[in-house]
Amino acid sequence: MNNPDIRRWVILMGIGLCAYWMVHAWVGYQRDKNSDDYTGTPAPSIETNGGIEDATVPTDLVNNEGSAETADEGDVPDASLVTPQQETGSTTTTSIDRDLIQVTTPLLQIWIDPLGGDVVGANLPEYPVSLKNPEIPTTLLTKGNGRTYIAQSGLIESKGQNRLPARPVFTSDARNYELGADATEDTLDVVLTFEHDGIQVLKTFIFHKDRYDLQVRYDVQNRSTQSYSAGFYAHISRDEGPPQGVKTGFFRPPAYLGGAVTTPEKRYKRLKFKQLRKDDFEYRGVRGGWIAFLQHYFISAWIPPKEGQHNFYAQQRSSGNFWYGFTSTEQTVAPGSNGIYQATFYVGPKRQKNLAPLADYLSLTVDYGFFWWLSSPMFMVMEWIQSWAVNWGISIILLTIIIKTILFPLSEMSYRSMARMRKLTPQIKRIQEKFGTDRQKMGQEMMALYRKEKANPLSGCFPMLLQMPVFFALYWVLIESVELRQAPLMLWIQDLGAMDPWFILPILNGASMFLMQRLNPPMADPMQQRVMMIMPIMFCVICIFMPAGLVLYWFTNNLYSMGHHYFALKKAGAT
């Protein structure tokens, strides 16, 4: 197969692939367009001991006053996960007022259920659902309306002991707590209390003014005459439904949705839904570590103390929900003494600077995929630029220029090859006119011309292929970084993580591709020339569905490449 045939087939394959992408993107766009947009679930006014509060929380989480509750043993992990092995009995709780406990900080709105002290709701005021509804915060944790995404923790008693309910109902001094931005204290302690059979349990949530992580601590005071032994557990319970309000299409493949854990063998291990449907995950005897649930831009994670050994687990329950959690080694609290169990819970955005100080490798949950080793330093550079440019769009532009400058030698090789091919265009046309009916002879003559002039029509492709890992790495930086979510550029672009609302950047990008084609050697085949004229239009349509930040990168890359290409052509005398 001669060179024109190769190029023809490559072009046809490219057209077919682009058409396939366009169809899928249009179908996905129409599906999202016709679906109901998530705007949050406004709750009715919640009457609590602290007054009336307006909040965004599922309505069936509230006003359970006077209901008789039975402890759900399904909320407690199997005792075999605690070291040493043990069993858990069934205990019934009593009727009690179970209005939720609401905690508000500058960064979080949290709802705690007195039953078990579970975190059953979490809103992120700093991250609204959309720019159109800035007053509606993103809801991360929720329970109700057919959805389950909660954080649970508790104690598993030693074998033969049933001294406390498996799911005790705690009491608190108030139903509303607030840590304001202007508060003199940097932390807020929310203390829940339960006492039975001479055992007093204080479950304390420690919130921070400027942090998304909170400490969960159990203080067990044994006032009885018998020893009390129990292990600590904490897990995230999540259904497998998609995150609320998240839209994806073929050109924007969905970000990873599922669990993740760190182990001594693997710093970042995914725990996918489909894997857990087949087999449970269990890893024993880990010092420190973490286990988390990930979705696009946001994460919840349990982080046990670095000292001591912990058993991590993930499984699908009979209810269909999935658990991601850990248990700690059993402790024995002697009569008259105290025991402490604790862990850190993080619920918020996947920002590396927030996650890295909490645990080793937790920042890897900002999942850049296979090219993470390129993406991570790229993001660090982009974040450094943004620190003084104060605009993520400008940071993308400058990062693109830096990358293109580093790859200048590879681009130079490619453009020099194109310049040589452009100078050979008149001779190629004469060969085609002379041997147009004899394709075999025409191919032989063209190969002879290439050898004589020391030109290779494919040599310009290899440097471009070497740059592809850089493109994919930057793609995942722009897609995965929560910092770009709802970050403005200027004028009409107020969200670099969303499509250009006026399609101006896609059109400019298509125009820049068309101008770049004018600098390339012209195709000998008229059909190929017409096909190449269509390509910028097709890519313009593709870019419509892409995040504005990624299209901005492409457009900046094209402008830089055009200038470099023109310089190479002029230097080679091919203009």
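From a predicted model like this one, the values you see are computed outputs, not experimental measurements.
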Check your understanding: Could Arg284 and Glu282 be called an ion pair, given the rule that one side-chain N must be under 4.0 Å from one carboxylate O?
Key ->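 Judged by the 4.0 Å cut-off on N to carboxylate O distance, Arg284 and Glu282 do form a salt bridge.
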Under a 4.0 Å N-O cut-off, is there an ion pair linking Glu307 with Arg287?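 The answer is no: the pair does not qualify as a salt bridge.
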For [X] and [Y], which heavy atoms make the closest approach, and how far apart are they?
{"X": "Leu374", "Y": "Ala473", "result": "CB-CB, 3.6 Å"}
{"X": "Pro137", "Y": "Val129", "result": "O-CG2, 3.4 Å"}
{"X": "Lys269", "Y": "Phe281", "result": "CE-CE1, 3.9 Å"}
{"X": "Thr365", "Y": "Tyr268", "result": "CA-CE1, 3.9 Å"}
{"X": "Gln109", "Y": "Pro125", "result": "CG-CG, 4.1 Å"}
{"X": "Trp373", "Y": "Pro377", "result": "O-CD, 3.2 Å"}

- Message: Ring of Tyr256, cation from Arg270 - is the NZ or CZ under 6.0 Å from the centre and inside 45° of the axis?
- Response: yes
Check this for me: Phe370, atom CZ, are more than 12 non-hydrogen atoms of other residues, nucleotides or ligands nearer than 6.0 Å?
no
| said: Just checking Trp502: does its CH2 atom have more than 12 heavy atoms from other residues, nucleotides or ligands closer to it than 6.0 angstrom? | reply: no
Ignoring hydrogens and geometry, is there a side-chain-to-backbone donor-acceptor pair from [X] to [Y] under 3.5 Å?
{"X": "Asp239", "Y": "Phe322", "answer": "no"}
{"X": "Thr329", "Y": "Gln309", "answer": "yes"}
{"X": "Lys350", "Y": "Ser363", "answer": "no"}
{"X": "His296", "Y": "Val482", "answer": "no"}
{"X": "Thr105", "Y": "Leu107", "answer": "yes"}
{"X": "Asn133", "Y": "Ile136", "answer": "no"}
{"X": "Trp290", "Y": "Asp360", "answer": "yes"}
{"X": "Thr400", "Y": "Asn557", "answer": "no"}
{"X": "Arg147", "Y": "Gly241", "answer": "yes"}
{"X": "Glu383", "Y": "Met380", "answer": "no"}

d(Ser300 OG, Ile291 CD1) to nearest 0.5 Å is 10.5 Å
Worksheet item: Out of curiosity, Lys143 NZ to Gln152 CD, how far, rounded to the nearest 0.5 Å?
Response: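 Rounded to the nearest 0.5 Å, the NZ-CD separation comes to 6.5 Å.
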So, [X] versus [Y], ring centres under 6.0 angstrom or not?
{"X": "Tyr283", "Y": "Phe312", "answer": "no"}
{"X": "Phe298", "Y": "Tyr127", "answer": "yes"}
{"X": "His235", "Y": "Tyr233", "answer": "yes"}
{"X": "Phe293", "Y": "Tyr149", "answer": "yes"}
{"X": "Tyr313", "Y": "Phe326", "answer": "no"}

> Given the rule in the side chain to side chain donor-acceptor pair (under 3.5 Å) test, do Arg277 and Gln275 qualify, once you have shown the distances and angles that lead to the verdict?
Replying inline: CA-CA 5 Å; Arg277 292 192 194 101; Gln275 296 171 339; over 6 Å; no
Run the side chain to side chain contact (heavy atoms under 4.5 Å, CB included) test against Gln386 and tell me which residues pass, sequence neighbours left out.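 Side chain to side chain contact (heavy atoms under 4.5 Å, CB included) list for Gln386, sorted by chain: Trp392, Ser395.
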Handout entry: Derivation and outcome, side chain to side chain contact (heavy atoms under 4.5 Å, CB included), residues Tyr212 and Leu355
Key = CA-CA 9 Å; Tyr212 288 95; Leu355 299 173; over 6 Å; no
In sequence, state the C-alpha distance, the side-chain angles, and the governing distance for Val216 and Thr344, and then conclude on side chain to side chain contact (heavy atoms under 4.5 Å, CB included).
CA-CA 6 Å; Val216 180; Thr344 299; over 6 Å; no
Checklist entry - Which is it for Ile493 and Leu496 under the side chain to side chain contact (heavy atoms under 4.5 Å, CB included) test, yes or no, and what are the steps along the way? => result CA-CA 7 Å; Ile493 298 180; Leu496 290 167; 4.0 Å; yes
